[in-house]
Amino acid sequence: MTDLSQIVKAYDVRGVVPDQWDEALAGLFGAAFAEVTGADAIVIGHDMRPSSPGLAGAFARGAAARGVDVTEIGLCSTDELYYASGALGLPGAMFTASHNPARYNGIKMCRAGAAPVGQDTGLADIRALVERWSEEGAPEPAATPGTIGRRDVLADYAAHLRSLVDLSGSRPLKVVVDAGNGMGGHTVPTVFAGLPLELDALYFELDGSFPNHEANPLDPKNIVDLQARVREVGADLGLAFDGDADRCFVVDEKGDPVSPSAITALVAARELAKHPGGTVIHNLITSWSVPEVVAELGGEAVRTRVGHSFIKEEMAQAGAIFGGEHSAHYYFRDFWNADTGMLAALHVLAALGGQQGTLSELVAQYDRYASSGEINSTVDDQAGRLAAIRAAHTGRPGVTLDELDGLTVTTADWWFNVRASNTEPLLRLNVEARDAATVDRVRDEALAIIRG
């Protein structure tokens, strides 16, 4: 039997195809998803990876065998699948491995209205059923099998996004978009159609082998081409989407990366202008600038753990209008509390096009501190290294510690967070301070303990 612990993570299913999972297993996941959600109908989409159509089809057949009607929307971005789940009021499954290499694939699942399926909200139950059926054999088909039909929602998805951000008064902008051969190449042309934008397209051909670079803009080497193209053509900005196009990274007119924290603060400001006094969610490794901007504009900032299921849960509980993560996931109440990089991109375009300055000038007010970025260290004993950091800072004057997610150490002039990876023997370090020299010092001190 396949070791599901290797492919079922805290929030989704992801592994190497066919070494770790295949279409037979995908069929069991479809049946289990139908069983756990108790739905009469579901919606399924997939990305451009070679294995995605087969896995999605097997999942659909597994669900239909349990009596569930299936709507297949075919090629789509993850946020397009969330749109379908929200607009149609159906649980959904998206076949993608996001930014991971070509040999991987996975499933992101949600309940109706794009509500998350996490470890404590159905994923553990799905895993338990799949493990049982893998040993005992597939369950008996329902007396009346469900139907499998097709529906194209791309135009409706694009229209919904454009209804949320008004670019009618924007000055014309030249924008370079690097889709990384991922699903942005499918969605961007339709979403941007008719907007006052001159689009310069990089790597829009759908190709799950990622021939130009990995579809992971969080890695600086994967935005080099975008940066060069922005400078070459004199664009106003550049946008880079990851493989399933649910995250969007921004570079300014000089080709310099714009911090996702600055984008979070910018979008928060725009959402608070529409919803005065609203609540904005941010995870604990976003910049100090985010809660500062929210407070300055009369909103309420709520700090939460890293991870989309935590953000979505807090969004729902707090009735938040917006949420942002430093990984460039952006969540909107107007989008069923789900994350959509495309909607964040439209906000950036509208903010830039609504004034005459450059993007670097615009975001300067939201980018107030120096930071290290995320630094990963391979360690043999995650708990032991975290304990050593805690011991080194406990009792120091002016230092506070909290363990909302990993360990965060804070002073008046700097903070750092260290978190253990759930899937690898890594500790992840993020440092922020009032100046770069302090970032370097705090980073080096923390790494000296982490790396022993």
For H329, the option from D246, T340, N283 that meets side-chain contact (heavy atoms from CB on, under 4.5 Å):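 Answer to the side-chain contact (heavy atoms from CB on, under 4.5 Å) test with H329 among D246, T340, N283: D246.
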Among T358, D236, L237, L352, the one residue meeting side-chain contact (heavy atoms from CB on, under 4.5 Å) with E253: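 Passing option: T358.
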Taking 4.0 angstrom as the limit, do [X] and [Y] come out as a salt bridge?
| X | Y | value |
| --- | --- | --- |
| D178 | R229 | no |
| R171 | E198 | no |
| R303 | D402 | yes |
| D200 | K174 | no |
| R151 | E72 | no |
| R305 | E313 | no |
| D242 | R247 | yes |

D40 CG: over 12 foreign heavy atoms closer than 6.0 Å: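 No.
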Contact check, side chains of Y83 and M342, non-hydrogen atoms, under 4.5 Å: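 Side-chain contact under 4.5 Å: no.
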Min side-chain heavy-atom separation C76-I73 under 4.5 Å: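 C76 reaches I73 side chain to side chain.
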side-chain hydrogen bond (donor to acceptor under 3.5 Å, both in side chains), paired with E432, selected from S372, S371, S289, S287: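 Going through the options one by one, the only one that passes is S287.
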Distance-minimising heavy-atom pair for F33 and I126: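 The pair with the smallest heavy-atom distance is CD1-CD1, 3.9 Å.
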Aromatic ring proximity [X]/[Y], centre distance under 6.0 Å:
| X | Y | answer |
| --- | --- | --- |
| H160 | W336 | yes |
| Y104 | H99 | no |
| F59 | F29 | no |
| H186 | F241 | no |

Geometric class of the F335/Y157 ring pair [parallel <30°, tilted 30-60°, perpendicular >60°]: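 Perpendicular.
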CG-CG distance between D367 and D256, expressed to the nearest 0.5 angstrom: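 One gets 10.5 Å once the value is rounded to the nearest 0.5 Å.
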